[in-house]
Amino acid sequence: MNDQPQITRADSGPATATPAFAEPGVPHIRTLNVPGMQALYVKEVRRFFKVQLQTIWAPAVTTLLFLVIFTVALGGSGRTVIGVPFADFVAPGLIMMAMLQNSFANASFSLLVGKIQGTIVDYLMPPLGFGELILALIGAAISRAVLVGLALWAAMLAWPGVHVVPQHPWAVAAFGLLGAAMIGFLGLITSVWAEKFDHAAAVTNFVVTPLALLSGTFYSIDRLAPWFQSVAHANPVYYAIMGFRYGFIGTVDSTIHHPVLTALLALVAVNIVLGALTYRLLASGWKLKA
């Protein structure tokens, strides 16, 4: 029997676990980073909501003035377009136009101001994938568009002689969201490309505004010359406004086969293409990373 005392080494205790770190470039979060997306989304919404007088109410009032001018100048004497009063025809188009313009304004501002102020790392360094970054920014752009649309719709409800009660709420929701997302993607692409606010303003003035004004917002497409109808049918904003208007008045001003379904599929296709292009640009780091 061994009577020698057992000598215990001070370092013979259980080894402490060494924390395992992933290799550089290997993501720790392997699923959808919902808290990260929510944080970025809330940040973007708070940003434009702090100046809501400029970002929500001012666009609604400005667009409402269009309705006042056109209904006073052209809406009297029982004037109708595609079988509905002119005011009822133009009101949904104005709502959609305001939503598109504000969706672009919000999306085109996010990354651009980060590049100008040198805070672009606040978007690129957090543990967010490019798809998650896009979802948060597009979600914020759509939220601003919806708020502007709701404010304008509430004002039009109280305006005499205008009827904006939806006949097909699903169409109002579907085309409103798809249209806002489409222009939001265009805004993100612009914010990646632009190097100063003048560049974003140029896209607004020479791309977004002409697309909105030449998409049947104030007139019926079926009364145009055949060649101009073809131009209008190539404009994706036309499908957003046509489908959105259909949700309110229950009829369309297009002679194409199954116009509502065609418009819905066209917007889905354009959103997929623009979404893929936006993802590719962000992943490449073009004009974002040194």
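Between Phe197 and Phe109, the ring-plane angle classifies as parallel under the 30° and 60° cut-offs. Ring-plane geometry between Phe66 and Phe218 is classed as tilted, the angle between the planes lying from 30 to 60 degrees on a 0 to 90 degree scale.
Between the side chains of Tyr41 and Ser143, at least one donor-acceptor pair of N or O atoms lies under 3.5 Å. For the residue pair Tyr123 / Lys43, a side-chain donor-acceptor distance below 3.5 Å is found, with atom types taken as modelled.
When atom types are taken as modelled, the side chain of Thr204 and the backbone of Ala200 share a donor-acceptor pair closer than 3.5 angstrom. Thr55 places a side-chain N or O within 3.5 Å of a backbone atom of Val51 that can act as its donor or acceptor partner. Distance alone, capped at 3.5 Å, places no donor-acceptor pair between the Ser215 side chain and the Tyr238 backbone.
Linking ILVMFWY residues whenever their side-chain heavy atoms come closer than 4.5 Å, directly or via other members, leaves Leu67 and Val148 in distinct clusters.
One distance of note links CG of Leu124 with CG of Leu111; it measures 7.5 Å at 0.5 Å rounding. Here the CG atom belonging to Leu133 is positioned 10.5 Å from the CE atom belonging to Met37, to the nearest 0.5 angstrom. Between the CZ atom in Phe185 and the CG atom in Asn271 there is a gap of 5.5 Å [rounded to 0.5 Å].
Contact between Leu40 and Ala136 at its shortest, heavy atoms only, is CD2-CB, 3.7 Å. Considering every non-hydrogen atom in both Ile82 and Ser220, the closest pair reads CG2-OG, 3.6 Å. A pairwise comparison of heavy atoms in Trp57 and Ala151 identifies CZ3-CB, 3.7 Å as the closest pair.
Listed by first then second residue, pairs satisfying salt bridge (charged side-chain N to carboxylate O under 4.0 Å, His left out) with a partner in residues 174-201 read Glu195-Lys287, not counting sequence neighbours.
When the salt bridge (charged side-chain N to carboxylate O under 4.0 Å, His left out) test is applied to Arg47, the partners found at least two apart in sequence or on another chain are Glu44. Annotation: side-chain contact (heavy atoms from CB on, under 4.5 Å) contacts of Val207 (sequence neighbours excluded): Leu186, Val203, Leu211.
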